[in-house]
Amino acid sequence: MTRKLAEYIEAGKALDADEREIASLALALQPDETSEQGEIDSAWAEAIDR
């Protein structure tokens, strides 16, 4: 674990339960542009533009 990640985790512990849930959902739902899903999303965007 990097120092930066450890600092983020410690900061996250200071959040209340609702804030932690929102943060975890935001991280989990964040698209990974290097993933296959990013390619799928790009293909759909092209199809929609046509």
Side-chain angles (χ1 to χ4, degrees):
M1 178 183 319
T2 66
R3 181 177 179 201
K4 187 174 183 177
L5 178 57
E7 289 171 0
Y8 284 134
I9 291 170
E10 284 303 310
K13 291 178 181 178
L15 301 173
D16 66 30
D18 289 336
E19 292 170 323
R20 283 193 307 272
E21 181 178 1
I22 292 167
S24 66
L25 288 171
L27 289 170
L29 297 175
Q30 180 179 355
D32 181 1
E33 292 303 319
T34 62
S35 74
E36 185 177 307
Q37 185 62 46
E39 294 172 17
I40 294 169
D41 292 344
S42 293
W44 271 112
E46 283 182 32
I48 291 167
D49 286 342
R50 285 183 274 171

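- To the nearest 0.5 Å, the span separating CG on Asp18 from CD1 on Ile22 amounts to 6.0 Å.
- Under the 3.5 Å distance criterion, the side-chain polar atoms of Glu46 are left unmatched by any main-chain donor or acceptor of Ala43.
- Residue Met1 comes nearest to Ile9 through the heavy atom pair SD-CD1, 3.8 Å, listed as atom of the first residue, atom of the second, then distance.
- Between Glu10 and Lys13 there is a salt bridge, since a side-chain N of the basic residue sits under 4.0 Å from a carboxylate O of the acidic one.
- Rounding to the nearest 0.5 angstrom, the gap separating the CG atom in Leu27 from the OH atom in Tyr8 is 10.5 Å.
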